[in-house]
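To keep things clear, I will list the structure first and then write my remarks on it.
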Amino acid sequence: MNKDGKIYVAGHRGMVGSAIVRSLERNGYHNIITRTHKELDLTRQDQVEKFFAEEKPDYVFLAAAKVGGIVANSEALADFMYDNMILEMNVIHEAWKNNCKKLLFLGSSCIYPRMAPQPMKENCLLTSELEKTNEAYALAKISGLKYCEFLNRQYGTDYISCMPTNLYGPNDNYHPTHSHVLPALIRRFHEAKEQGLTEVTCWGTGSPLREFLYVDDLADGCVYLMNNYSGNETVNMGTGKELTIKELTELVAKVVGYTGEIKWDPSKPDGTPRKLLDVSKLEGLGFHYKTELEEGIRLTYEDFLHNPMRAER
Ligand SMILES: NC(=O)C1=CN([C@@H]2O[C@H](COP(=O)(O)OP(=O)(O)OC[C@H]3O[C@@H](n4cnc5c(N)ncnc54)[C@H](OP(=O)(O)O)[C@@H]3O)[C@@H](O)[C@H]2O)C=CC1
Ligand SMILES: C[C@H]1O[C@H](OP(=O)(O)OP(=O)(O)OC[C@H]2O[C@@H](n3cnc4c(=O)[nH]c(N)nc43)[C@H](O)[C@@H]2O)[C@@H](O)[C@@H](O)C1=O
């Protein structure tokens, strides 16, 4: 990316978008444009058309989406499909119509088949059935990924996509029921510690395996790909390391300083049993993550403590 090029980061107030803005600034990019959801609703085609026609960004990072954890996804299948499908099509299409040179679309490891061989390679996409708890989100995300590929094939654009594993870090969503597991645990254990509770209950059985990437590493990887990758196939972004949800709860409790008992509620969904990315393509391109999980949880807990407004968004 040209250092003076105009870069639009969609979703800059979210966890990923804000980390991408930090990474761009660290790397000397200064011509960054942003709009809040209130200023520009990306599901509104007329608004997106007007914005792109006026601003004509050279580069786009598409980090705006309707996002949520396992329960939020499974309770609002229709909304997750509609909002994400419309938003992606509007942004990618207007980027192309207005000659945007390069665009990065964010997929998610949860859009690979539920029982894909582990660790999951990029070429396992669309090879078997999806996970039911996030089927709607996955179908929308797969469409966005494919639309980038089809524009490249039909019109010669250079629109790429990446496939992040579960992410965590500053500016996460700490909603008690709609967030992802890691922010949910930080909040639950913090509140239990403050209130002197002797037990907390977490969801499912604790047996599913998950992989977690610190969001600033993901953002550095996104900027790296925009400068070092072109191609129709997506690129996995993770650590290649996994742990059980039970092990995760113990680690978060240790960082937060909660010493009570941890119980399980098996009436809540476990979701995909295992979701580990094969990161050999990313590493072959020359990128490696920096932040190990315990350190990343410490940094995230600091952010939670010092940004109470974020914790309530
Ligand atoms: N979090 C994770 O673990 C993972 C995330 N990803 C991907 O990363 C991307 C960003 O996720 P994340 O940062 O976690 O999510 P957040 O919810 O933190 O951020 C999403 C941002 O998008 C904005 N947004 C949503 N809908 C609209 C809209 N209609 N118009 C304008 N802005 C909108 C939100 O604004 P507002 O809050 O005001 O609605 C928010 O700022 C997504 O594509 C997601 O799929 C991929 C893998 C894992
Ligand atoms: C990133 C990805 O995130 C989602 O997939 P997921 O990995 O299943 O997401 P999750 O973080 O919500 O849960 C991970 C595991 O953790 C367990 N768990 C325990 N206790 C809590 C808890 O308190 N909250 C939550 N949310 N989960 C909990 C929970 O039961 C599950 O076994 C997708 O919808 C998908 O669309 C997507 O993009």
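Read the numbers this way: they start at 1 and go in the same order the structure lists the ligands and their atoms. Excluded from the calculations below are hydrogen atoms, water molecules and symmetry mates; all remaining heavy atoms, backbone and side chain alike, are included.
Here is the list of ligand 2 atoms found below 4.0 Å of a heavy atom in Asn73: 33 (C), 34 (O), 36 (O). Against a heavy-atom cut-off of under 4.0 Å, Gly69 is close to the following atoms of ligand 2: 12 (O), 34 (O). Counting the atoms of ligand 2 from 1 in the order shown, those under 4.0 Å from a heavy atom of Pro269 are 29 (C), 30 (O). Shown in contact with Ala184 at under 4.0 Å from a heavy atom are these atoms of ligand 2, numbered in order with element: 22 (C), 23 (O), 24 (N).
The residue from Asp265, Leu167, Asp270 that puts a heavy atom closest to atom 32 (O) of ligand 2 is Asp270. Of the candidates Lys275, Glu131, His180, His178, the one placing a heavy atom closest to atom 5 (O) of ligand 2 is Lys275. Considering Ala63, Gly11, Ser108 only, the shortest heavy-atom separation from atom 47 (C) of ligand 1 involves Ser108. Ranked by closest heavy atom to atom 48 (C) of ligand 1, the top entry among Leu182, Leu87, Thr34, Thr165 is Thr165. Ranked by closest heavy atom to atom 18 (N) of ligand 2, the top entry among Leu185, Thr249, Val181 is Val181. Considering only non-hydrogen atoms, atom 14 (O) of ligand 1 lies nearest to Met15 out of Arg13, Met15, Arg44. When Tyr137, Phe61, Phe212 are checked for heavy-atom proximity to atom 44 (C) of ligand 1, Tyr137 turns out nearest.
Counting heavy atoms closer than 4.0 Å to ligand 1, residue His12 contributes nothing at all. Contact annotation for Lys268 and ligand 2: no heavy atom of the residue comes within less than 4.0 Å of the ligand. When non-hydrogen atoms are compared, ligand 1 lies under 4.0 Å from the side chain of Val67 (C-beta onward) but not from its backbone. With a heavy-atom cut-off of 4.0 Å, Arg35 does not touch ligand 1 at all. At a heavy-atom distance under 4.0 Å, no atom of Phe105 approaches ligand 1.
Heavy-atom separations between Asp83 and ligand 1 are all 4.0 Å or longer. Ligand 1 is never approached by Val215 to a heavy-atom distance shorter than 4.0 Å. Contact between Arg210 and ligand 2 is present, with at least one heavy atom of the residue lying under 4.0 Å from the ligand.
For atom 20 (N) of ligand 2, the closest non-hydrogen atom on the protein side is Trp203 N, 3.0 Å. Summary of contacts: the protein heavy atom closest to atom 33 (C) of ligand 2 is Asn134 OD1, 3.6 Å. Protein heavy atom closest to atom 26 (N) of ligand 2, with residue, atom name and distance, is Ser179 O, 2.9 Å. Atom 35 (C) of ligand 2 has its closest protein heavy atom at Cys110 SG, 3.1 Å. For atom 23 (O) of ligand 2, the nearest non-hydrogen atom of the protein is Arg188 NH2, 2.7 Å. Of the protein's heavy atoms, Ile245 CD1, 3.6 Å lies nearest to atom 15 (C) of ligand 2.
Ring pair Phe189/Tyr258 is parallel by interplanar angle, where below 30° counts as parallel and above 60° as perpendicular.
Considering backbone and side-chain N/O of Ile70, one or more are found under 3.5 Å from N/O of ligand 2.
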> Please walk me through it: do Glu149 and Lys146 pass salt bridge (Lys or Arg N to Asp or Glu O under 4.0 Å)?
Replying inline: CA-CA 5 Å; Glu149 177 191 332; Lys146 283 286 172 188; 3.0 Å; yes

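When side chains are defined from C-beta on, Leu62 does not count as touching Leu106, because their heavy atoms never get closer than 4.5 Å.
Other residues, nucleotides and ligands contribute only 12 or fewer heavy atoms inside 6.0 Å of the NZ atom of Lys254.
Residues Tyr159 and Phe105 keep their aromatic ring centres 6.0 Å or farther apart.
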